[in-house]
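Written out below as structure tokens is the structure these notes cover.
Note: hydrogens, waters and symmetry copies are ignored here, and every other heavy atom, side chains too, is used.
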Amino acid sequence: MDKLERLKSAVPLLLEWYRVCKRDLPWRGTHDFYRIWVSEIMLQQTRVEAVKDYYLRFLQKFPTVEALADADEGEVLKAWEGLGYYSRARNLQKAAKLIKEHGVPTTYEGVRALPGVGDYTAGAISSIAYELPCPAVDGNVLRILTRLLADDTNIDLSGTKEQFAALLKQVYPKEAGEFCQALMELGAIVCLPGGPPQCLVCPWRELCLARLQGDAERYPVRAPKRARRVEEHTVLVLRYEGEYALVRREKKGLLAGLWQFPFAEGEPATYGRVLESKTATHIFTHVKWHMTGYLVEAKEKFPQFTWASREEIGEKYAFPSAFKAFRGWVK
Ligand code: SF4
């Protein structure tokens with residue numbers, strides 16, 4: 001059996017399995033562009049469990065594209081607080097403004113042209129919202145396909161996704177949306193990364209070459225990972241008469257435009273009386289922060305900072321979860 005035949009045989013098995021075993025998720029069972037688009041953007045680099053509540057809250061707050069387009073940017077970032085990768089929220093709103101002006105895109109190319117939408121997301125939205133045969137290939141899909149086909153292509157090489165997308169396109173069934181979600185679902189709940197895949201409950205167990213060869217975890221083949229850069233930061237939680245010092249991050253780069261406790265330049269004691277300290281670590285994609293935080297009773301209301309009460313921090317300022325360990329000091 002060649003690759004294409006194997007893949008063809010895998011399609012009906014996968015669809016059948018999906019109809020019975022799929023999880024009940026709040027963005028399933030709809031063809032509404034807006035809902036699918038928001039879910040796909042939220043799901044980029046983020047786990048399903050983490051997204052669920054955000055998704056429902058976000059739609060409650062911004063129920064239509066127009067509502068999102070007309071919202072204040074700070075409000076949108078606030079609704080995104082804790083989800084990470086904040087450029088997604090900004091792009092979502094930028095795209096909402098474009099849609100409000102030019103209408104909802106209904107082709108793959110139109111969807112792909114929206115800010116924040118790459119090949120994968122455009123494929124997923126086009127398949128799910130419009131039943132277009134547009135493959136969405138990410139790391140999960142590559143994992144299950146390289147296992148099914150015992151394909152040892154290095155998936156980190158450029159062009160690999162396109163290669164698998166072209167292969168998938170040849171077998172895309174008319175139930176494009178279901179197929180696209182079924183591939184994702186298999187990668188999410190059966191053919192898992194990091195740990196043994198659940199081959200015994202997999203619809204492809206009789207067809208999967210990696211399993212038949214007894215070495216599923218050999219796939220996918222990857223280039224060795226580059227080490228993350230480590231940065232040391234001293235975090236100041238400065239308190240002055242019930243208010244706390246905040247600074248806004250640069251408009252570009254990591255956590256762009258979000259608010260945080262200031263990083264100290266020099267000794268924390270130069271800002272006032274140190275009450276407590278603790279350490280925390282936060283891991284981003286390419287960098288790791290080692291943070292030592294100090295709760296300090298500030299000796300003055302330093303004018304270089306923005307000062308806010310606990311309530312204001314909770315309601316008004318989008319605060320990245322990197323600083324979660326120190327939020328407990330804000331009382
Ligand atoms: S049989 Fe196992 S390795 Fe193959 S696709 Fe299914 S879960 Fe993955």
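- No continuous path of ILVMFWY side-chain contacts below 4.5 Å connects L7 to Y219, so the two sit in separate hydrophobic clusters.
- Here the side chains of F58 and V76 are in contact, with some heavy-atom distance below 4.5 Å.
- In this structure, the side chain of K97 engages the main chain of A69 through a donor-acceptor pair within 3.5 Å.
- In plain terms, the two heavy atoms of I41 and R88 that are nearest each other are O-NH1, 3.0 Å.
- Of the charged side-chain nitrogens involved, none lies within less than 4.0 Å of a carboxylate oxygen, so that E75 and K78 do not count as a salt-bridged pair.
- Here the closest non-hydrogen pair linking W329 and Y244 is O-OH, 3.5 Å.
- With salt bridges taken as basic N to acidic carboxylate O contacts below 4.0 Å, none links E276 and K278.
- In this structure, the salt bridge (Lys or Arg N to Asp or Glu O under 4.0 Å) partners of R112, at least two apart in sequence or on a different chain, are D119.
- Nearest heavy atoms, P320 versus Y86: CA-OH, 3.5 Å.
- For R143 and N140, the side-chain atoms include at least one donor-acceptor pair closer than 3.5 Å.
- With hydrogens and angles ignored, the 3.5 Å screen pairs no side-chain donor or acceptor of K161 with any backbone N or O of G139.
- Between the OG atom of S9 and the CG atom of L4 there is a distance of 9.5 Å, given to the nearest 0.5 Å.
- Using a distance-only test at 3.5 Å, with no hydrogens or angles considered, a donor-acceptor pair links the side chain of E131 to the main chain of G177.
- Other residues, nucleotides and ligands contribute at most 12 non-hydrogen atoms within 6.0 Å of the CD atom of E265.
- We find the OG-CD distance between S309 and E315 to be 8.0 Å, quoted to the nearest 0.5 Å.
- The salt bridge (Lys or Arg N to Asp or Glu O under 4.0 Å) test applied to E49 returns K52, not counting sequence neighbours.
- With a 6.0 Å radius and a threshold of 12 heavy atoms from other residues, nucleotides or ligands, K288 has its NZ atom at or below the threshold.
- With sequence neighbours excluded, the residues satisfying salt bridge (Lys or Arg N to Asp or Glu O under 4.0 Å) with E297 are R239.
- Ring planes of F323 and F263: tilted class, angle from 30 to 60°.
- Both I189 and F179 belong to a common hydrophobic cluster when Ile, Leu, Val, Met, Phe, Trp and Tyr are linked at side-chain heavy-atom distances under 4.5 angstrom.
- Looking only at distances, no side-chain donor or acceptor of R229 sits under 3.5 Å from a matching main-chain atom of V287.
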side-chain contact (heavy atoms from CB on, under 4.5 Å) between R205 and L200, intermediate numbers included: CA-CA 7 Å; R205 61 189 172 273; L200 288 178; 5.5 Å; no

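- Other residues, nucleotides and ligands contribute at most 12 non-hydrogen atoms within 6.0 Å of the CZ atom of R273.
- Ring pair H286/F284: centre-to-centre distance not below 6.0 Å.
- Taking both residues in full, the closest heavy atoms of L132 and T106 are given as CD1-O, 4.1 Å, listed atom of the first, atom of the second, then distance.
- In the displayed structure, R228 atom CZ is contacted under 6.0 Å by more than 12 heavy atoms of other residues, nucleotides or ligands.
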Walk me through it: do C202 and R211 pass the test side-chain contact (heavy atoms from CB on, under 4.5 Å)? CA-CA 10 Å; C202 180; R211 179 178 113 84; over 6 Å; no

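- Within the 4.5 Å cutoff, the side chain of P197 has no heavy atoms near those of the I144 side chain.
- Taking CG from L167 and NZ from K8, the interatomic distance works out to 10.5 Å, rounded to the nearest 0.5 Å.
- Looking only at distances, no side-chain donor or acceptor of S321 sits under 3.5 Å from a matching main-chain atom of K324.
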Do any side-chain atoms of residues 10-17 form donor-acceptor pairs under 3.5 angstrom with protein atoms, and if so which ones, sequence neighbours left out?
none

Give the intermediate values and the outcome of side-chain contact (heavy atoms from CB on, under 4.5 Å) for residues L145 and D151. CA-CA 8 Å; L145 293 181; D151 187 318; over 6 Å; no

Does the pair Y85 and W80 meet the rule for a ring-ring contact (aromatic ring centres under 6.0 Å, His included), with working shown? CA-CA 9 Å; Y85 301 99; W80 208 267; over 10 Å; no

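- Considering NE2 of H290 and NE2 of H282, their distance stands at 12.5 Å, rounded to 0.5 Å.
- By the criterion of side-chain heavy atoms lying less than 4.5 angstrom apart, applied directly or through intervening Ile, Leu, Val, Met, Phe, Trp or Tyr residues, L254 is grouped together with L83 in one hydrophobic cluster.
- Connection of W204 to F164 is established within a shared hydrophobic cluster, with ILVMFWY side chains joined at heavy-atom distances below 4.5 Å, either directly or through further cluster members.
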Which is it for T146 and D152 under the side-chain contact (heavy atoms from CB on, under 4.5 Å) test, yes or no, and what are the steps along the way? CA-CA 7 Å; T146 53; D152 56 13; over 6 Å; no

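- Residues C134 and Y172 have side chains not in contact (no heavy-atom distance under 4.5 Å, counting atoms from C-beta outward).
- Counting only heavy atoms from C-beta outward, the side chains of I125 and L114 never approach each other to under 4.5 Å.
- In this structure, V221 and T153 have side chains that are not in contact, with every pair of non-hydrogen atoms separated by 4.5 Å or more.
- Under a 3.5 Å cut-off, the side chain of Q93 and the backbone N or O of A71 do form a donor-acceptor pair.
- In this structure, the separation between OG on S158 and CD on Q163 is 10.5 Å, given to the nearest 0.5 Å.
- Contact check for S39 versus R35: no side-chain heavy atoms found under the 4.5 Å cut-off.
- Aromatic ring centres of Y271 and F302 lie closer together than 6.0 Å.
- Hydrophobic clustering places V237 together with L275 (ILVMFWY residues linked when any side-chain heavy atoms are closer than 4.5 Å, directly or through intermediates).
- A 4.5 Å side-chain heavy-atom check between Y34 and I99 finds every atom pair outside the cut-off.
- By the neighbour-count criterion of 12 heavy atoms within 6.0 Å, atom CD of E300 is densely surrounded, having more than that number from other residues, nucleotides or ligands.
- Here the side chains of P220 and L142 are not in contact, with every heavy-atom distance at 4.5 Å or above.
- Counting heavy-atom neighbours within 6.0 Å of E267 CD, excluding the residue itself, gives a total of 12 or less.
- W259 pairs with exactly one of F319, Y317, F305 by the ring-ring contact (aromatic ring centres under 6.0 Å, His included) rule, that one being Y317.
- When every heavy atom of N154 is checked against every heavy atom of T160, the shortest pair comes out as O-OG1, 3.2 Å.
- Interatomic distance, W37 CH2 to L92 CG, rounded to the nearest 0.5 Å: 4.5 Å.
- Pairing each heavy atom of R147 with each of A216, the nearest pair is NE-O, 3.1 Å.
- Under the salt bridge (Lys or Arg N to Asp or Glu O under 4.0 Å) criterion, D70 pairs with K100, sequence neighbours left out.
- Counting only residues at least two apart or on different chains, the salt bridge (Lys or Arg N to Asp or Glu O under 4.0 Å) pairs with a member in residues 169-196 are R19-E175, R19-E178, R23-E185, R28-E185.
- Put simply, the residue from V38, L59, L43 that forms a side chain to side chain contact (heavy atoms under 4.5 Å, CB included) with W27 is L43.
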